[in-house]
2 protein chains.
Amino acid sequence: MTACETCVVRNRAICSALDNHEIAALSAIGRRRTVAAGESLIWEDDDSLLVANVIDGVLKLTTSTEDGREQIVGVAYPSDFIGRPFSQTSRASVVALTDARVCVFARNDFDRFAREHPELEHKLLERTLAELDRTRAWMMLLGRKTASEKIATFLLDMSDRFGETGCAPLRRPAKRFTLPFSRQQVADVLGLTIETVSRQFTRLKQDGVIDLPSRREVDVLDRGALAALAG
Amino acid sequence: MTACETCVVRNRAICSALDNHEIAALSAIGRRRTVAAGESLIWEDDDSLLVANVIDGVLKLTTSTEDGREQIVGVAYPSDFIGRPFSQTSRASVVALTDARVCVFARNDFDRFAREHPELEHKLLERTLAELDRTRAWMMLLGRKTASEKIATFLLDMSDRFGETGCAPLRRPAKRFTLPFSRQQVADVLGLTIETVSRQFTRLKQDGVIDLPSRREVDVLDRGALAALAG
DNA sequence: GGCCAGCCTTGACGAATGTCAAATTGGCGG
DNA sequence: CCGCCAATTTGACATTCGTCAAGGCTGGCC
């Protein structure tokens, strides 16, 4: 595979740190792969064998308790990096929410390559720092927000995420979008039960804040109200 | 200041990536500072002006809502790195829990220095990845664990943290330790109220799982029971 | 077009945790 | 050693959210 030249995330993923010569070297140790919706790519507490760039699709990062409770601890979108470099084990599972395409590397190979390419490591560092910021903001939501605040925050986040895809930094929030999550998965993101999520959705609909044209679609009718609810 | 040679965290902080020549250059752009217990070093949503290494003491990283709810999103111990490099703004406040000594750098200077020293950036990347792992484990606690599981997990975490300080990687869990947190701060770490924390503590004491010799001290009497409760 | 399975919604209820208020403790300065 | 103040504990009660149990809807498939 040297589909890198035409790769849709070539300029957004960490690959953007590399020139054409370097990217050829990187592409020599990686390969493209599809992951069907529902399929796992990485298993919690397993040996960390793989890392990858997301080309297309959405994946969830989860941790679980022994008795089966699940928390979604991250969501990976196109151009995001997944997996745990520089460590024997991976502490979260990665499962595709939609059919996805990824560019995978053996962790060993990637680690070695990264250490030889400081610009790549720098991109990875910037990405990891940004992800840590996002994760900490989510801790506040999990620890201190009410169900209705959680739902409002979540919907605003989704709306921002799925804004006009044209130019990444300048995109405006989407009024209408399709959730990559089932109700149960929304619950797993927010630390709620499926029933509470469902009730909050219907209440927002009844109050005219959103419309729900189908199970996965959301239409934001009153963004101001959502923002106010998000706290 | 070139107290680096005698610095207690010289071999554990990110500085360990640097040789004596490089460390002299780094020390030229930094300075030591003390932070009194309760004093702030960095403010949420402020310009990110400072980064630092913790030499001694414990600091909390927090985010707050407008209406004053607080969530502790991280805790920094000696040798930890604090602040937000490579970003205009810092998304968490940093406040000392105990009197602390830190080695501070203007973020600009540090960013520039780091970009010129890939080994330093690599250490920072490893640290940030590890912190992200810990943070994600904490999300599971915040989103999915009960009050009693939260308290048990927290006490085990503290016990591990304050194990024999002699040799970092080989330390065993401490049976008895002094919390750097007030009850309210424990509540802010766990996403609970102070009353719930207090009740859980007394219950563990009544059940003979721990003893509470003083307000800040904890004596773990039955570690197995704690582990079982932690889930 | 109809049927089926899984997902989602709704209702009734209960338990865990938060809220508010008061009593108690313990540490510190005088 | 005493008294004071803040932190903590305890109690009574309220509320949110989770649990359990139906039932309904939707979208895919024949």
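In the text below, chain A, chain B and the rest are named by the order of the sequence lines, each starting its count at 1.
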Between A:Phe177 and A:Phe162, how do the two ring planes meet: parallel, tilted or perpendicular, split at 30° and 60°? parallel

Given [options], identify the nucleotide with an atom nearest to the side chain of [X].
X        : options               : answer
B:Thr193 : C:dC8, C:dG18, D:dC17 : C:dG18
B:Ser182 : D:dT9, C:dT10, D:dT8  : D:dT8
B:Ser198 : D:dC17, C:dT17, D:dT8 : D:dT8
B:Thr146 : C:dG11, D:dT9, C:dT17 : C:dT17
B:Arg215 : C:dT19, C:dG26, C:dT9 : C:dG26
A:Glu195 : D:dC20, C:dT25, C:dC8 : D:dC20

Between the main-chain N or O of A:Tyr77 and the side-chain N or O of A:Asp80, is there a donor-acceptor pair closer than 3.5 Å? yes

Do the side chain of B:Arg216 and the base of C:dG27 come within less than 3.5 angstrom through a donor-acceptor pair of N or O atoms? no

If you go through the side-chain atoms of A:Arg144, does one of them form a donor-acceptor pair with the base of C:dT17 closer than 3.5 Å? no

Using a cut-off of less than 4.0 Å, is there contact between a side-chain N or O of A:Arg183 and OP1 or OP2 of C:dT9? yes

Starting at [atom1] of [X] and ending at [atom2] of [N], how long is that distance when rounded to a whole Å?
X        : N      : atom1 : atom2 : answer
A:Gln185 : C:dC8  : CD    : P     : 8 Å
A:Leu97  : C:dC7  : CG    : P     : 14 Å
A:Lys150 : D:dT16 : NZ    : P     : 14 Å

